[in-house]
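When reading the values below, keep in mind they use all heavy atoms of this one structure, side chains included, and skip hydrogens, waters and symmetry mates. Everything quoted here is computed from the prediction, not taken from an experiment. In listed order, ligands and their atoms are each counted from 1. This chain uses plain numbering: 1 for the first residue, then up along the sequence.
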Amino acid sequence: METAIKDNWTQIIEFLRDNYDVLNILYRTWILPLEVISESDSEVTIAIDESKQGDITGLIDKKYRIPLQTSIEAITGKTVSITFVSRNSQNEEKGVSSYYNSEDQKTKTLEEKYIFLRSGHSFDNFVVSSSNRLAHAAAVAVAENPNGQIYNPLFLYSGPGLGKTHLMHSISRYILENHPEYKLLYTTSEKFTNDVVESIMDNKQNKSALPNLRDKYRNVDVLLIDDIQFIIEKKSTLQEFFHTFEELFQNGKQLVISSDKPPSEMEGLEERYKTRFSSGLPVDIQPPDYETAMAILKLKQTNEDIQLSEDILSYIASNARSSIRDLEGAYTKVKLLSKLSGPDREITQEMVENALKDIINENSTVNLTAEYIIDVVCSHFNVDKDRLLSERRTKEISYPRQICMYLCSEYTSLTQQVIAEKLKRKNHTTVNHAVKTIKDDLLVDNELQNTINVLKKKLNVN
Ligand code: ADP
Ligand code: MG
């Protein structure tokens with residue numbers, strides 16, 4: 001029996017993923033569970049497991065028949081026609097083993113089920129100190145009792161990089177783990193805005209778009225919305241949010257909001273909503289003191305192979321404390337320096353000072369660095385920096401990468417060649433192409449405009 005396709009299946013689907021920019025989540029949901037049941041020189045039969053994937057033969061056929069054919073041809077050199085068959089593994093005694101079996105389902109981590117969650121973000125690795133004690137305590141209280149009765153809304157505010165998102169993810173994780181009966185939705189105001197804009201547009205054709213949106217956001221027990229400041233300027237979105245807020249609030253549902261400032265200072269916000277937002281517990285997070293910064297660095301260092309000396313940690317903690325994101329950025333940079341400095345990994349204070357020049361700079365906000373832009377973009381899209389700088393070409397990674405190049409080109413004085421080096425690309429034509437792509441897309445893509453605006457605010461540029 002021919003088995004070339006089956007034998008090379010992993011390669012085939014990876015080829016498909018990388019060359020057709022299949023998003024990871026789609027890859028996991030649609031492609032990974034597919035299984036080759038039989039093949040000949042000219043034909044292949046692929047099974048779709050209805051009990052795991054639902055009745056999606058039509059969808060797979062429409063979207064992936066040709067990409068699959070092409071990928072099979074690229075890897076095995078065979079030109080085949082594909083038949084998809086649907087089957088239900090639950091009714092089988094012993095079928096071909098399924099990749100996506102229920103054991104996998106059970107062992108799926110929360111991160112896999114809820115893609116917004118970042119693995120480092122939990123109460124366990126949140127360092128508590130005087131600068132964030134109240135915010136932390138309130139977050140834990142709400143996570144333990146997400147019934148809208150303790151603090152509602154819980155309103156967290158602070159400057160950038162001080163732990164708001166970390167706390168919101170921690171609350172979400174805690175509730176998902178300990179109160180699975182609560183229906184929870186975490187969103188950013190950017191995502192909310194995009195959803196609203198999209199439904200308003202779709203609603204012209206399809207009258208169920210707006211009701212669907214409302215159903216999504218109002219039919220929950222806990223709603224967390226991150227970085228609310230970004231929706232204040234958008235009238236229709238703001239209104240939609242207020243209605244959502246009001247309905248949930250009236251029904252005693254739990255709300256958690258984060259913002260860069262307290263409700264009272266949010267310009268353009270109607271008085272009654274300032275009052276509403278302040279009615280639960282508005283609580284701020286301050287930059288860490290020296291001891292807290294040290295504690296955070298030491299926590300980061302626990303699982304690392306490279307151990308920086310106390311003096312060096314102390315230098316970082318004393319100098320890069322205005323934001324924990326900067327603190328982490330400085331730490332990562334010095335760690336890299338140490339890694340590159342040869343077998344004894346000796347680094348001097350001077351080397352450290354030099355490496356951190358642009359992070360530890362009074363005016364660092366006006367002197368944007370490529371590293372900082374990359375950090376902010378990675379955190380925004382929730383992608384790993386190593387993956388962003390890798391060769392991967394999936395859209396999920398390549399689009400944020402192109403956005404980095406665009407932002408570096410617009411908001412730093414670096415040349416395209418240097419930007420290419422910072423992003424670990426071979427030459428400047430990649431940067432040139434990325435900048436052009438983003439500029440072109442910006443002319444027509446509302447969602448992208450919104451994303452870039454949010455990123456610009458995060459980077460503090462106009
Ligand atoms: P914000 O949402 O306020 O801009 P983030 O929650 O994204 O800030 O925090 C920036 C970085 O600092 C994240 O990597 C986060 O894990 C880390 N961080 C913030 N506060 C703490 C803390 N108290 N302990 C440990 N890490 C922290
Ligand atoms: Mg945040």
Is the backbone of [Y] close enough, under 3.5 Å, to the side chain of [X] for a donor and an acceptor to pair up by distance?
| X | Y | result |
| --- | --- | --- |
| H166 | S122 | yes |
| H179 | E144 | yes |
| N178 | I175 | no |

Which residue supplies the protein heavy atom nearest to [atom], what is that atom called, and how far is it?
| atom | value |
| --- | --- |
| atom 7 (O) of ligand 1 | R325 NH2, 3.0 Å |
| atom 9 (O) of ligand 1 | G163 N, 3.6 Å |
| atom 6 (O) of ligand 1 | H166 N, 2.8 Å |
| atom 4 (O) of ligand 1 | G161 N, 2.7 Å |
| atom 18 (N) of ligand 1 | I324 CG2, 3.4 Å |

Value rounded to 0.5 Å, distance of [atom1] in [X] from [atom2] in [Y]:
| X | Y | atom1 | atom2 | answer |
| --- | --- | --- | --- | --- |
| C378 | R387 | SG | CZ | 10.5 Å |
| F381 | R401 | CZ | CZ | 12.5 Å |
| S71 | Y20 | OG | OH | 5.5 Å |

What atoms of ligand 1 come closer than 4.0 angstrom to any heavy atom of [X]?
| X | answer |
| --- | --- |
| N132 | 23 (N) |
| F126 | 20 (N), 21 (C), 22 (C), 23 (N), 24 (N) |
| H121 | 13 (C), 15 (C), 16 (O) |

Determine whether the side chain, the backbone, both or neither of E328 has a heavy atom under 4.0 Å from any heavy atom of ligand 1. side chain
Record the part of N125 in heavy-atom contact with ligand 1 below 4.0 Å; permitted values are side chain, backbone, both and neither. backbone
Could you tell me if any non-hydrogen atom of P160 lies under 4.0 Å from any atom of ligand 1? yes
Electrostatic pair R218:E240 at N-O distance under 4.0 angstrom: yes
Decide, yes or no, whether a salt bridge links K439 with E410 under the criterion of side-chain N to carboxylate O below 4.0 Å. yes
Minimum-distance pair of heavy atoms, taken over all atoms of K422 and L389: O-CD2, 3.8 Å
Please confirm whether the ring centroid of H121 lies under 6.0 Å from the ring centroid of F126. no
Please determine if the Mg ion (ligand 2) has an N/O/S atom from M168 lying under 2.8 Å away. no
Nitrogen or oxygen atoms of [X] and ligand 1 under 3.5 Å apart:
| X | answer |
| --- | --- |
| L167 | no |
| L299 | no |
| V127 | yes |

